[in-house]
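So that the names make sense, note that chain A is the first sequence line, chain B the second, and so on, each numbered from 1. Everything numeric in this text was worked out from a predicted model, so none of it was measured.
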Amino acid sequence: MVTYKSDFLKELSARGYLRQCTDEAALDKLACDEIITAYIGFDCTAPSLHVGSLIGIMMLRKLQQAGHRPIVLMGGGTTRVGDPSGKDETRQLLTDEKIAANMAGIRQVFDRFLTFGDGPTDAIMVDNADWLDELNYIAFLRDYGRHFTINRMLAFDSVKSRLDREHSLTFLEFNYMILQAYDFLELNRRLGCRLQMGGSDQWGNIINGVELARRVDSAEVFGLTTELLTTSSGAKMGKTAAGAVWLNSDMLSVYDYWQFWRNSEDADVGRFLRLFTELPLDEIAKLEKLEGSELNEAKKILATEATALMHGRAQAEAASETARQTFEEGQTAQGLPSVEVSKAELEAGMGLLTALVQAGLAQSNGEARRHIKAGAAKVNDKPAKDERGQLTLDDLNEDGVVKLSIGKKRHALLHLT
RNA sequence: GGAGGGGUGCCUGAGUGGUUAAAAGGGACGGGCUGUAAACCCGUUGGCUAUGCCUACGUUGGUUCGAAUCCAACUCCCUCCA
């Protein structure tokens with residue numbers, strides 16, 4: 001491992017963020033000498049970011065902590081084009097309204113990780129629609145298009161994998177990398193941005209920007225990528241039974257977010273502690289040395305610390321307590337994700353299948369039925385065998401709720417409105 | 001513009017007139033073992049008001065008692081030629 005002089009790269013390196021860098025020696029020197037302005041772009045393809053983006057968000061945070069200035073680039077313009085990286089199929093074109101709504105959802109998380117404002121190291125948020133929307137086609141092609149060769153573009157993974165797999169890649173999407181490269185140039189001109197960061201899948205797009213800035217403005221800018229977030233067993237991370245691990249709490253409850261981290265594989269605990277918590281490294285070193293079931297303590301700390309960064313300490317502690325009651329004491333913890341039902345509905349008798357679906361424990365009645373058949377469904381911790389079963393007021397426990405479970409880990413409560 | 005090949009479920013990929021809601025693998029989920037881990041073993045994997053009905057093999061139409069399978073048009077992709 002290279003030894004860095006700057007606080008920024010020292011920290012990133014020590015915590016295992018770094019994958020590739022266009023010129024680490026020069027970037028290291030720059031980080032020592034001046035305040036670097038750096039950015040990461042986030043496309044607005046969903047109403048929330050998910051854990052896959054968290055590593056980037058953390059990097060922006062580290063950047064600011066090291067005394068530099070982060071830019072959050074919202075891809076209001078590029079989302080209208082669609083990044084082909086890692087996608088087999090052309091993305092559905094999103095409407096402008098949808099993009100605006102997604103952007104509003106995504107913005108929320110950054111306040112938790114960054115300090116925004118007008119100071120020299122305060123974070124800023126910009127939208128690339130501000131400059132992409134007004135580009136003139138011919139002028140753009142003449143000024144910038146001539147710096148890109150098709151030969152090179154075809155060699156990029158994002159393009160190549162599409163072509164290799166005999167999937168179509170539209171000209172629209174093909175332009176994505178040019179626009180992303182142009183973003184970097186534009187941010188360099190407007191805000192003096194010197195560094196673009198991103199996941200390793202963005203490497204191709206990033207070096208395009210670095211190249212473009214050098215060719216057009218003779219500007220020296222840098223690119224830096226992180227490892228993609230995968231589990232030790234190689235799976236892409238970020239999925240749960242319910243879907244993606246969203247960062248916004250209206251998309252995924254704080255409790256489920258906590259659970260996601262709690263369920264990390266043994267082999268990932270140390271790595272995740274370094275990447276996604278701000279515990280001191282020596283403490284992490286101790287935690288990851290724990291063996292066997294003792295490692296569960298480290299997982300709990302990981303879960304609580306990571307959740308605290310995202311949702312605040314109080315909520316993280318609450319999720320932790322809910323989990324403790326549920327798993328260690330076998331109680332019906334009030335903090336479990338819950339859905340409300342009307343008294344009338346329960347009085348009339350509510351189908352067990354319907355209840356499981358409403359509680360988000362199954363996607364369809366059919367799935368709920370299968371779970372019941374497999375013996376995975378429980379009502380108030382008692383196995384539910386009857387697919388035609390009804391829930392009534394009698395099923396309310398002493399706390400006035402019905403606890404529904406699928407398997408050992410997934411629980412939800414029915415509350416009366 | 002010409003010739004040939006192809007479009008199957010979350011993904012890869014079999015299937016060339018009926019027993020096909022569609023082989024197999026992957027992934028995912030559930031059960032077992034455990035430590036809310038990994039590995040391993042077993043099971044499940046279109047929807048519904050469910051002994052039935054609906055939707056589904058690129059799209060639309062046709063042939064047939066019956067079509068993912070045959071025909072036609074359209075569309076998209078791949079390879080070669082121009």
Searching all strands shown, indicate the nucleotide that pairs with B:G43 (Watson-Crick or G-U wobble; both distances under 3.5 Å).
B:C29
Give one of base, sugar-phosphate or nothing for A:Q259, where a contact means two heavy atoms less than 4.0 Å apart.
base
Taking pairing as Watson-Crick or G-U wobble with both contacts under 3.5 Å, can you name the mate of B:G1, or confirm there isn't one?
B:C81
Measure CD/A:E291 against C1'/B:A38 and give the value in whole Å, please.
14 Å
Between A:H411 and A:F327, is the ring centroid distance below 6.0 Å?
yes
Heavy atoms from C-beta onward define the side chain here; which of B:A37, B:U36, B:G30 lies closest to that of A:D266?
B:A37
With a 3.5 angstrom cut-off on both distances, give the Watson-Crick or G-U wobble partner of B:A73, or none if there isn't one.
B:U59
Output the single nucleotide from B:G30, B:G35, B:U36 whose closest atom is nearest the side chain of A:I406.
B:G30
Can you check the distance between B:A3 and B:C74, where both ends of the measurement are the P atom (answer in whole Å)?
13 Å
Are A:T225 and A:R19 close enough that a side-chain donor and a side-chain acceptor fall under 3.5 Å?
no
Distance check needed: B:C48 C1' versus A:R388 CZ, whole Å only.
13 Å
Counting any heavy atom closer than 4.0 Å, what does A:K373 reach on the DNA or RNA strands: base, sugar-phosphate only, or nothing?
nothing
Between atom CG in A:L287 and atom P in B:A37, what is the gap in whole Å?
19 Å
Testing B:A37, B:C48, B:G35 for proximity to the side chain of A:E265, the answer is B:A37
Among B:C48, B:A37, B:G35, find the nucleotide with the atom closest to the side chain of A:S364.
B:C48
Taking CG from A:L356 and C1' from B:U44, how many angstroms apart are they, rounded to a whole number?
16 Å
Taken to the nearest whole Å, NZ/A:K378 to P/B:U36 is 13 Å
For atom P, what is the distance between B:G26 and B:C76, given to the nearest Å?
36 Å
Proximal nucleotide (of B:C29, B:U36, B:C48) relative to the A:R410 side chain:
B:C29
Is there a donor-acceptor pair under 3.5 Å between the side chain of A:N380 and the backbone N or O of A:K382?
no
Pick the closest RNA chain B nucleotide for A:L353 and for A:Y255 by heavy atoms, then say which residue is nearer the 5' end.
A:Y255
5′-ward residue of the pair A:E328/A:R370 relative to RNA chain B:
A:E328
Mate of B:A50 where both pairing distances stay under 3.5 Å, Watson-Crick or G-U
none
Closest to the A:F327 side chain: B:G47, B:G35, B:U36?
B:U36
Please measure how far the P atom in B:G52 lies from the corresponding atom in B:U19, and state the result in whole Å.
16 Å
Within less than 4.0 Å of OP1 or OP2 of B:A50, is there a side-chain N or O belonging to A:N365?
no
Determine, for A:K300 against A:E305, whether the closest basic-nitrogen to carboxylate-oxygen distance falls under 4.0 angstrom.
no
Do the side chains of A:E321 and A:R324 get close enough for a salt bridge, i.e. N-O under 4.0 angstrom?
yes
Mind checking the P distance from B:G25 to B:G43? Whole angstroms is fine.
11 Å
Paired with B:G17 by Watson-Crick or G-U wobble geometry, both distances under 3.5 Å: which nucleotide is it?
none
Taking only the P atom of each, what is the distance from B:C54 to B:U49 in whole angstrom?
16 Å
Using the P atom in both, what is the distance from B:A67 to B:C57, to the nearest Å?
13 Å
Whole-Å distance between B:A28 P and A:H371 NE2?
14 Å
Looking only at side-chain N and O atoms, does A:K408 come under 4.0 Å of OP1 or OP2 in B:G32?
yes
Taking only the side-chain nitrogens and oxygens of A:R369, find out if one of them lies under 4.0 Å from OP1 or OP2 of B:U45.
no
Just compare B:U36, B:G30, B:G35 and give me whichever is closest to any side-chain atom of A:A374.
B:G30
When rounded to the nearest Å, what value does the distance between P atoms of B:A21 and B:A68 take?
9 Å
Output the single nucleotide from B:U36, B:C29, B:G31 whose closest atom is nearest the side chain of A:A376.
B:G31
Ring geometry between A:W261 and A:F276 (parallel below 30°, tilted from 30 to 60°, perpendicular above 60°)
tilted
Using a heavy-atom cut-off of 4.0 Å across all strands, would you classify A:G375 as base, sugar-phosphate, or nothing?
nothing
Interatomic distance at C1', B:G58 relative to B:C77, whole Å:
10 Å
Could you check A:R271, A:K299, A:R274 and say which one makes a salt bridge (Lys or Arg N to Asp or Glu O under 4.0 Å) with A:E288?
A:R274
Yes or no on side chain to side chain contact (heavy atoms under 4.5 Å, CB included) for A:L391 and A:T354, after CA distance, side-chain angles and deciding distance?
CA-CA 10 Å; A:L391 296 179; A:T354 315; over 6 Å; no
Starting at atom CG of A:N263, determine the distance to atom P of B:G30, rounded to an integer number of angstrom.
10 Å
According to the Watson-Crick and G-U wobble definitions, with both distances under 3.5 Å, which nucleotide is paired to B:G66?
none
Send over the distance from A:F260 CZ to B:A28 C1', rounded to a whole Å.
15 Å
